[in-house]
Amino acid sequence: MAEMTYRDAINLALKEEMRRDPLVVTWGEDVALYEGSFKVTRGLLAEFGEERVRDTPISENTIIGVAIGAAMGGLRPIPELMTVNFALLAMDQIINHMTKIRYMFGGQVKLPLVIRAPGGGGSQLAAQHSQSLETFFMHTPGMYVAVPATPADAKGLLKTAIRDDNPVMFLEHELLYNSKGEVPDDPEYLIPFGRCDVKRTGSDVTIVAYSRMTILALAAAEELAKEKIDCEVVDLRTLTPLDSETIVASMQKTGRGVVVEECWRTCGLGAEIASRIYEGCFDVLLAPVQRVSGLDVPMPYSRKLEKLCIPQVADIVAAVKETMSGKY
Amino acid sequence: MAEMTYRDAINLALKEEMRRDPLVVTWGEDVALYEGSFKVTRGLLAEFGEERVRDTPISENTIIGVAIGAAMGGLRPIPELMTVNFALLAMDQIINHMTKIRYMFGGQVKLPLVIRAPGGGGSQLAAQHSQSLETFFMHTPGMYVAVPATPADAKGLLKTAIRDDNPVMFLEHELLYNSKGEVPDDPEYLIPFGRCDVKRTGSDVTIVAYSRMTILALAAAEELAKEKIDCEVVDLRTLTPLDSETIVASMQKTGRGVVVEECWRTCGLGAEIASRIYEGCFDVLLAPVQRVSGLDVPMPYSRKLEKLCIPQVADIVAAVKETMSGKY
Amino acid sequence: MDKHLTEILPAEDLLHMYEQTALCREFEESCAEQYTKGNITGFLHLYSGQEAVAVGSTKALQQDDYILSAYREHAQAIVRGAEPKRVMAELFGKATGLCKGKGGSMHLFNPELKFMGGYAIVGGQFPIAAGLAFATKFKHEGRLVACFFGDAAVNQGTFHESLNWARVWELPVLFICENNFYGIGTEVHRSSALPDIHRRTCGYDVPSERVDGMDAIAVYQAVRHGAEWVREQSRPYLLEAMTYRFRGHSMADPGKYRSTAELELWKSRDPLVNLGKRLVEAGIADQAKLDALRAQAVAVVQEAVKFAEESPWPEDSEVYADIFM
Amino acid sequence: MDKHLTEILPAEDLLHMYEQTALCREFEESCAEQYTKGNITGFLHLYSGQEAVAVGSTKALQQDDYILSAYREHAQAIVRGAEPKRVMAELFGKATGLCKGKGGSMHLFNPELKFMGGYAIVGGQFPIAAGLAFATKFKHEGRLVACFFGDAAVNQGTFHESLNWARVWELPVLFICENNFYGIGTEVHRSSALPDIHRRTCGYDVPSERVDGMDAIAVYQAVRHGAEWVREQSRPYLLEAMTYRFRGHSMADPGKYRSTAELELWKSRDPLVNLGKRLVEAGIADQAKLDALRAQAVAVVQEAVKFAEESPWPEDSEVYADIFM
Ligand SMILES: Cc1ncc(C[n+]2csc(CCOP(=O)(O)OP(=O)(O)O)c2C)c(N)n1
Ligand SMILES: Cc1ncc(C[n+]2csc(CCOP(=O)(O)OP(=O)(O)O)c2C)c(N)n1
Ligand SMILES: [Mg+2]
Ligand SMILES: [Mg+2]
């Protein structure tokens, strides 16, 4: 175990897998010489050379399409989208191609590729640079979606992603890059997809979250503990596959649930989680599931307004109290 | 009133609005000379000329972007995407630009444009041509989303869309083009956005649907009536704005609900509707809301498999019976 | 000049090209019939008239070069070696189809033959072709990627992004434009600033050439030349083959935007008839030989239809198979 | 040649250009300071070094021509006439900002001035520019659209789609590339097959020209010529202005990928210093006059900062305003 940042954990996973398998390659805008606009690819060019670590033109749809072709041709590419917002320029290759190729061609080709994309709001980057697009990816069949909250999860999930033969959307949170945590040294530290991690056990309320929202949920749980409300925090870790079992089991125990999502509320993944809870726990539910969500607006620049649009610890605390209010 | 097809009702709405307002223009791939690949724009070029009815290169992102610019410049463009699947090539202009421009520029510019896009599955067009992408649009704040089920609604909603100063995604269903119904002649026949239409009243179960799924829901209700199950069919008509009030009111009456969506199930709009029902009717619900959805797979070509992926009348009937089963 | 045909290719190869042209023609015409009968559904884009491009190109490529195409790709697949019966079964949506019935007409795929797919999103295959080229170059396999596309596809951003990318990364991609003058009902000059597609590469320092796409032998020579260049330079090259489709865009299109005169003119250049004529003139075949080859093609296609008809539908469980593996 | 400066533009216009250049420079340097203090947050891309492009271009355009740009657009907006204090307030996220604090540095907008926006998606502004051009042509307003963009933006599909489209529809768009040699840390020849951006239009039958982007007067002349052509022909035209940014890509970028020698070379061509020198040489201004103009710019910017500081934050209710209207 070593303490390191989320950024360094991802960097380490990339290096370990590139050392292990010479077919692993990575490219994106400014990932090589500049070492990434968030410096996640630091040291890669120096260690692996310019054949395997490559800068690209600003052509997002093609960044992904080239990765698809390369994966079909036997490589294991890890294209980086500088931020997830630019995935919207690549939806054609991501959704029309990447997620369909295995299926529509009758399972005749593997497609081992991992799209890495930082995202999320909170740095006053305004409407075009602050989006949380995870629901789009979760809604689309044909790709796995990983959303690590901690450095250890980031390492373990990324390594699993790189070794998998299916396309993976690996969503990093820009505000987590400097967060620290213990990370196993083991180069075989692999976290299986489709398993939630119960990051805090509790008996009163289940809080379901992912990525940075998990960190906020844990902070909220700490606050609530002071008021003797005992929260269980279930971290999804992957959105696809979704581990409904763990969520439902937790809800069977607590009977009350809060889902925290950074994305827009309407048709956000919180509605899916809530629906699965209702479907799986209809008879034991003590209150409606609360959804704590990003507001349904483009992200405003002004920090004062931006803060209103992104779930805060206080919002989670309030939602938990609402489920406990006994109004039902 | 005149009986006409859904196709002709849309065509009529286009013609009426183009006659009324010389700033209304339309363009898309093969919409002019060829009169549309589904022949929805028949007669437009002849009547309005090549300045207002225009063929474009196959450049979907630019088809939308040019419409955005033209709307900012004072026109009222109606770009057509030949099918909604190609919206995935235009997500950058649709989501990063169209839905954000009014807001991020502080409300200083109107953006009156209507994207028309046929979609849906059922014609064995396979994975890349059979998508139901309505949830993507409903999830994204900043555009209205209309999903007419009948010729009359198609006319009334399209006319409202064209006169509105906000961007509208107008989703037509390819399998409805030949469906017929009575359509008001009134050139001022406008259907306000954000109002569900209760297309059948009933007391036992509420079926919430939209677009072609409404037609299937009505057929299911007919069948169920034979078994003395009295269904209310609520047609959403617009997904944004969403008329939760009407849905909740119906559910307050029936206590049982089925949501029918053609899109993929996971994170589909059915989960949002279900969540709103749970949130609004928690204490009166007699059973979990049933979701009848498209399967979470890319669409297979073979008609035998395709049929399994798209909700059928029998699936709705079964879901209604499930909510009535009293297992809860 | 025709007496020198065998200086270009051995007689057996020339005969094989005729055989392939006939097979493609018979296959497509049979598809039209099966579509009318309701055995083939969905979109069906036929290749009749354009055969010289697939036949000439494929002959000039190495068997392990990658090929990608758009949705008008039955012939590309068959000429590369895909079994007609499995292609037909695919169009019928049967379990024995090339893609188990999941892909249909627009999504043929046969990786053993390095036929890497039919794509139905106009322009979707460009970046994928570049990616395959990168993989094969990375692995020093000596292959190139032949990427077929239509004239109207060049207005998609992906065309430009991929052309630029392939040049910057020095990738062995042979772009082959099948310019049949129309994207559905829109004539090329109405959608392209420069209707001469091969001239669109000048902004990318990518060389290009135009060739008569109704003449399989001319196509063969141009592709040989282009492929050699691509292999030697490890850089992209673009060929524009001028051709024509004898039918509408798809079975749903009556094709009224084209004049009868235009259609007749192009039909007079029918690649099947003309290749036959040249073989006869060059003394490589007589009419009986041609007729025999044609009859053989008919038989193959009939057998393919029978196979497709008799094949089972996919099991219901297939609906969830092949998505994650 | 410099003695003929007033044959190109009247002295007052030349002085105005100097004034504007100084204002832009002071504004940007003040932004850097306010960013360091934490008053400006988010991404901040400064224009220092490139001023000649905005100043020369805008002078050559008509006041009602539309202008669009990317995210490095403070100067474009200010030169067009946006009030520095409202721009600064926008960067502070205040209610008095140009966009009520909703847009920030990358999304300035001032429709009364026909400044139609800063866009933060590389290449996002191209089709919008074409659309504005269509609207203004449709309405016979006689305007053109000046669309500014960076050298690296030409690798986006939208560039090509829009260029082709503008030519096919014959739209009055003046594309103005600010080639500062880098897209973040990537030098242009590493991402563009043809690093000469102006040569990328050959595939679209769109004429183009290169100009010294460190010289406001040269830019003025080139844009005048280009704009006249666009207006007369109602067709697109592309100008490539060779320029340089003195700072990193954004405030987050130390810019280590550029050598000191390179930076110094370009700094020796500082558009502010050089325009001043030429005005003095031509006898249009003396150093005292230049100093006075510079001092005036400093005062305007100080006032802008004060205004921004003292302005109120947006009301919470603003968060739901302006989305549908
Ligand atoms: C992205 C996208 N836009 C539109 C279509 C609809 N469409 C299918 S084929 C076609 C015309 C393509 O013409 P061309 O590239 O010349 O090929 P051809 O059909 O002539 O072989 C169009 C517009 C599509 N399939 N994909
Ligand atoms: C679609 C998209 N991809 C990537 C980015 C990230 N990004 C912002 S600026 C930039 C470089 C653009 O360089 P250039 O066009 O030369 O303009 P300059 O910054 O030099 O003015 C990149 C990659 C973005 N904003 N949008
Ligand atoms: Mg064509
Ligand atoms: Mg640049």
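Here is the naming used below: chain letters follow the sequence lines, and residue numbers restart at 1 for every chain. Worth knowing before you read on, the calculation uses all heavy atoms, side chains too, and leaves out hydrogens, waters and symmetry mates.
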Locate the shortest heavy-atom distance separating [X] from [Y]; write the atom from each residue and the value.
X        : Y        : value
A:Leu125 : D:Gly42  : CD2-CA, 3.6 Å
D:Gly185 : A:Asp30  : N-OD1, 3.2 Å
A:Ile58  : D:Ala152 : CD1-CB, 3.5 Å

Side-chain touch [X]/[Y], heavy atoms, less than 4.5 angstrom:
X        : Y        : answer
A:Glu29  : D:Thr186 : no
D:Arg190 : A:Leu33  : yes
D:Val319 : A:Cys309 : yes
D:Val122 : A:Phe86  : no
A:Lys304 : D:Asp316 : yes
A:Asp55  : D:Ser191 : no

Which residue out of A:Met299, A:Glu306, A:Gln124 racks up the most heavy-atom pairs below 4.5 Å with chain D?
A:Gln124

Please check if the distance between the ring centroids of D:His107 and A:Tyr301 is under 6.0 Å.
no

What residue, out of D:Met106, D:Lys256, D:Lys94, has the most heavy-atom pairs lying under 4.5 Å from chain A?
D:Met106

Taking every heavy-atom pair that is under 4.5 Å apart, which of D:Gly101, D:Gly183, D:Ser192, D:Ser105 has the most such pairs with chain A?
D:Gly101

Under 3.5 Å donor-acceptor, A:Ser302 side chain and D:Gly93 backbone
yes

What part of A:Leu88 lies closer than 4.5 angstrom to a heavy atom of chain D: side chain, backbone, both or neither?
neither

Relative to chain D, which segment of A:Asp296 carries a heavy atom at a distance below 4.5 Å: side chain, backbone, both, or neither?
backbone

Relative to chain A, which segment of [X] carries a heavy atom at a distance below 4.5 Å: side chain, backbone, both, or neither?
X        : result
D:Leu44  : neither
D:Tyr71  : neither
D:Ile121 : both
D:Phe43  : both
D:Asp322 : neither

With a cut-off of 6.0 Å (strictly less than), are more than 12 heavy atoms of other residues, nucleotides or ligands near [atom1] of [X]?
X        : atom1 : result
D:Arg210 : CZ    : yes
A:Lys180 : NZ    : no
D:Glu309 : CD    : yes
D:Lys306 : NZ    : no
D:Glu262 : CD    : yes

Go through the steps to decide whether D:Thr41 and A:Arg303 satisfy the test side-chain contact (heavy atoms from CB on, under 4.5 Å), and finish with yes or no.
CA-CA 8 Å; D:Thr41 49; A:Arg303 70 190 95 171; 3.9 Å; yes

Pair D:Asn155-A:Ser59, side chain to side chain donor-acceptor pair (under 3.5 Å): steps then yes or no:
CA-CA 6 Å; D:Asn155 299 319; A:Ser59 311; 5.7 Å; no

